[in-house]
Structure formats: structure tokens, C-alpha cells
Amino acid sequence: MVKLVYFAWVRERIGKSDEEIELPGDVRTVGDLLTHLKTRGEGYELALAVPRAIHVAIDQQHCQHSDPIGNASEIALFPPMTGG
Amino acid sequence: MVKLVYFAWVRERIGKSDEEIELPGDVRTVGDLLTHLKTRGEGYELALAVPRAIHVAIDQQHCQHSDPIGNASEIALFPPMTGG
Amino acid sequence: MTPAPRVKVQTEDFDLQKEIDDLTGANSNIGAVVSFCGLCRDEQGTLDALELEHYPGMAEAEMTRLAEEAIKRWSLDGVSIIHRHGKITPGDNIVLVLTASVHRQAAFEAASFLMDFMKSKAPFWKRELLKDGQIGSWVDAREADDDALERWQ
Amino acid sequence: MTPAPRVKVQTEDFDLQKEIDDLTGANSNIGAVVSFCGLCRDEQGTLDALELEHYPGMAEAEMTRLAEEAIKRWSLDGVSIIHRHGKITPGDNIVLVLTASVHRQAAFEAASFLMDFMKSKAPFWKRELLKDGQIGSWVDAREADDDALERWQ
């Protein structure tokens with residue numbers, strides 16, 4: 001089980017702020033995870049339509065789409081940040 | 001008549017903070033003025049021993065040693081500035 | 001001695017002079033303090049407020065990482081970063097970066113570095129609340145902000 | 001609209017938050033405020049205070065000229081410069097430069113430019129008053145400060 005957390009318009013489009021899911025064995029990288037999530041419904045498809053617009057953090061650290069998920073406990077998906 | 005004002009160690013070495021003097025007709029540039037002032041006594045000689053260390057302002061604007069004095073009403077002599 | 005970064009994520013406003021006093025404290029060898037305040041603009045009067053969402057936990061962690069990176073790169077005697085979240089009205093503070101050093105160049109460069117990275121790496125998102133009562137759109141990231149990172153590579 | 005520079009030469013200290021509030025005032029299109037505070041260092045505990053001499057009249061005039069040059073070079077919504085004179089003890093403020101702009105880069109660059117020129121062009125001179133009661137020497141100008149001007153040519 002891994003906890004997924006969503007922010008800003010990713011959260012709005014998916015329709016929830018977090019959830020726990022079981023990852024299929026063939027989901028090894030962040031990119032794999034995004035592809036997998038898109039099969040979970042219309043909200044996910046809409047949120048993740050442009051994968052390069054999605055930033056991902058594993059256990060609260062920024063990561064690349066090519067990075068392995070390893071034994072992450074929390075994975076966050078969000079749009080480009082606009083703080084500051 | 002022109003008013004001369006002195007600051008920091010230039011003031012201390014000359015021994016006064018300001019004075020009014022009559023300039024000889026052959027004192028045309030700031031450099032000429034420095035040379036002339038050195039004839040006015042030991043304090044002046046000491047203060048102006050290294051002319052390139054002396055900054056000059058004519059009527060409260062920085063100028064070069066080669067600049068003409070024109071009809072300046074106030075000429076200031078001081079060491080390199082150390083504010084900020 | 002390496003200073004510990006001071007990092008806060010909060011809803012309330014901050015007082016700049018107090019934050020500087022807290023940062024410099026008993027250290028009398030600081031000669032330069034640079035501050036950056038990021039303020040909410042009114043967007044030609046159309047904006048009622050910004051609503052700032054953040055990722056609790058990661059926001060503080062990322063701000064600490066950025067501050068530690070600045071401390072590694074420059075000779076600094078102190079770094080503070082405060083980022084507000086929640087509803088922020090035009091003219092109000094959003095973010096504060098403070099850097100303290102013996103000389104001014106390190107303080108200026110580190111503050112500029114921190115703001116460039118705060119813009120692109122700190123997990124905060126702005127949404128516009130409009131004067132006409134509508135919830136406006138999420139603010140788009142500026143390409144200029146991504147470009148700004150390149151000069152620190 | 002070109003902002004008028006705010007320039008003050010004074011013996012008393014300043015409150016940074018108040019100076020920022022005065023500078024930004026009713027303008028809600030300011031997104032970035034950069035401040036630089038120059039502080040008196042204690043020189044490894046040997047310094048009792050600095051005595052700052054200045055050229056009244058020219059100090060204000062030169063600070064205004066520098067601020068106007070910054071306003072010409074960058075898109076700014078406000079510039080404040082305060083320089084103190086008289087006796088200043090370690091840890092206390094000596095100088096403040098404030099720049100306000102829509103975006104951060106102009107505010108950072110203009111503040112850095114202003115401090116470089118304040119160091120070398122504003123007619124102020126520091127003398128050390130030492131802990132042992134002696135009047136120390138006039139502070140020497142740093143060559144690094146002259147070099148700093150070159151990057152703005």
C-alpha cells in the first residue's frame with residue numbers, strides 16, 4: 001500500500017486530496033505510476049492528461065518521472081508550483 | 001573667493017573644517033588647487049601628500065582632478081568614502 | 001559555525017524588523033542583512049485575494065533543504081524563510097527571505113538564489129479569488145521562473 | 001509613473017517594517033520589496049562604536065542622484081535610502097536601501113547596485129572608537145568596493 005496525495009488542480013480534477021492504493025507489480029517508476037493512475041477513471045485522465053505538467057514528490061522530496069518508486073510510503077502529485 | 005570644506009582625516013590634518021580663500025589666477029583645475037593648497041603650510045602638505053587619495057566635489061558633485069574649477073562656490077576635499 | 005536555517009509556514013503575517021532582530025540576535029559580526037518580501041498584487045484591481053494551498057511537511061522540508069544549500073554555497077551567518085498560506089489580500093506579504101552575512105555580496109546572492117528556488121521548488125500553489133465573487137483560476141507558473149534557475153547551475 | 005526617491009540622513013535608528021509600509025503605501029501593484037541593512041560589526045570585540053562623519057547637503061544630493069540612476073535603469077515602483085551618522089554601536093543599523101518593483105529581479109539588482117555605489121560615492125566616513133577608550137583610525141576604503149562598481153558599467 002502506498003499513500004497518494006494530490007494538490008491544487010490535480011486534487012480538484014481527481015476529486016480527492018489523498019487515498020491509499022495497492023500498486024500492481026509492474027509499476028516500478030513514477031512514470032509507470034502516472035500511466036497506471038490514468039486507468040482509474042475520468043478524473044485521473046483529466047488530471048494527468050499532460051504528464052510532463054505533473055510534478056511528483058516521493059516521501060516529500062522532488063523526483064523525476066524516471067525515478068523508481070522503491071518502497072515509498074507517500075507519493076504526491078501536483079502542478080508546477082507557484083509560491084514565492 | 002571660494003569656500004573650501006574638508007572632511008575626515010583631510011580635515012584633521014589641515015586643522016580646520018572649512019575656510020574661504022582667494023584663488024590665484026593660475027589655479028584653473030582641481031589638480032592646480034591641490035598643488036596650490038600644499039604651499040599653505042605643513043598641515044596641508046600632510047593632508048594632500050598623496051593627491052590621488054584625495055576626492056574632490058565641486059558644489060556637492062564628485063569631480064575629477066582634471067576638471068576645471070570654473071566659478072565654483074564650494075569645493076570639498078576628502079578621503080575615499082567609507083559609508084554604507 | 002554553520003547557522004541553522006529558520007523556516008516557518010504560517011497563516012499570520014510577519015514583522016520584518018522583528019524577524020531580522022531574531023535572526024541577528026547576539027551575533028555582532030553581521031555586517032549585511034538582505035530581505036526579500038513577496039507581496040500580493042491586485043492585478044489591476046480585479047483580485048479580491050489569493051488563496052494559497054501548500055503541502056504541509058514537504059513545504060517546511062523543502063524550504064530547509066534550500067536554505068541549507070544556500071548556507072553551503074555562501075558564507076552566511078543566518079537564513080530565515082517564512083511562507084504564508086491561506087487567504088492573502090492585495091498589498092499583504094506572501095513570503096519572506098532573510099540572509100545575514102559579514103559582507104553584502106554573499107547576502108544579496110543567497111537571497112536572490114533562495115527566491116528563485118522558492119518560486120519553482122517550494123510546494124505552494126496560488127489560486128485567484130476575484131472581486132466579482134468568482135473563484136478564479138490557479139495561477140500559472142511563469143517560464144521566466146524556470147529560466148531563473150539556470151544561472152545557479 | 002516614475003517614483004520620487006525617498007532619501008534621509010539621520011542620527012536616529014529606523015524601523016524597517018515602517019519604512020517598507022511608507023514606501024509601498026497605497027500601491028497594490030508591488031510584488032517585490034528588497035531591503036539591504038548595513039550593520040555595525042564589533043570587529044572581534046575590539047570596537048566600542050563607529051563615529052560616522054558626513055558631508056551635509058552633498059550626502060542627500062548624492063543619494064538622490066544614485067536613486068534616480070537606479071530608477072532610470074530598472075523598472076521600479078519605489079526607492080528609499082536612509083544613512084545614519086554620529087555614534088553607532090555594534091549590532092546597530094548604519095544604512096538602509098529599499099527597492100520595490102512588480103517583479104523580483106529588478107528589485108534585487110537595483111538594491112545591489114545602490115549599495116555598491118553608496119559604499120564608494122556617498123560622502124560618509126567611518127572612524128573607530130575602541131573599547132580601550134582610544135580613538136581608533138579612520139576606516140580604510142576596501143578595494144573590493146571600487147571593483148564592485150565595474151560590473152555596472
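Computed from heavy atoms alone, side chains included, the values below leave out hydrogens, waters and symmetry copies. Predicted, not measured: the structure shown is a model, and the values here were computed from it. Chain identifiers are assigned alphabetically (A, B, ...) following the order of the sequence lines, protein sequences preceding nucleic acid strands; residue numbering begins at 1 within each chain.
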Over 12 foreign heavy atoms within 6.0 Å of CG, D132(C): yes

Surrounding CD of E42(A) (heavy atoms of other residues, nucleotides or ligands, distance under 6.0 Å), is the total greater than 12? no

Among A61(C), G38(C), S120(C), A59(C), who wins on heavy-atom pairs under 4.5 Å with chain A? S120(C)

For residues R65(C) and Q61(A), determine if any side-chain heavy atom of one lies less than 4.5 Å from a side-chain heavy atom of the other. yes

Can you say whether H85(C) sits under 4.5 Å from chain A via the side chain, the backbone, both, or neither, judging by heavy atoms? neither

Ignoring hydrogens and angles, tell me if any N or O in the side chain of H62(A) forms a donor-acceptor pair with the backbone of K121(C) under 3.5 Å. yes

Should we count CD of Q64(A) as having more than 12 external heavy atoms under 6.0 Å? no

Tell me whether the count of non-hydrogen atoms from other residues, nucleotides or ligands lying under 6.0 Å of CZ in R151(C) goes above 12. yes

More than 12 heavy atoms of other groups within 6.0 Å of K131(C) NZ: yes

Evaluate the side-chain proximity of Y55(C) to Q60(A): yes if any heavy-atom separation is below 4.5 Å, no if none is. yes

Does atom CD of E143(C) have more than 12 heavy-atom neighbours, drawn from other residues, nucleotides or ligands, at distances under 6.0 Å? no

Output the distance between atom OG1 (T82(A)) and atom CH2 (W138(C)), rounded to the nearest 0.5 Å. 8.0 Å

What do you reckon, is CZ of R28(A) surrounded by more than 12 foreign heavy atoms closer than 6.0 Å? no

Structural part of R142(C) lying under 4.5 Å from a heavy atom of chain A: neither

Exam field: side chain W125(C) to backbone F7(A), donor-acceptor pair closer than 3.5 Å: no

Which atoms of D140(C) approach chain A - backbone, side chain, both or neither, heavy atom under 4.5 Å: backbone

Do R127(C) and E12(A) touch side chain to side chain, with heavy atoms closer than 4.5 Å? yes

To the closest 0.5 Å, what do you measure between CE (M81(A)) and CD (E62(C))? 7.5 Å

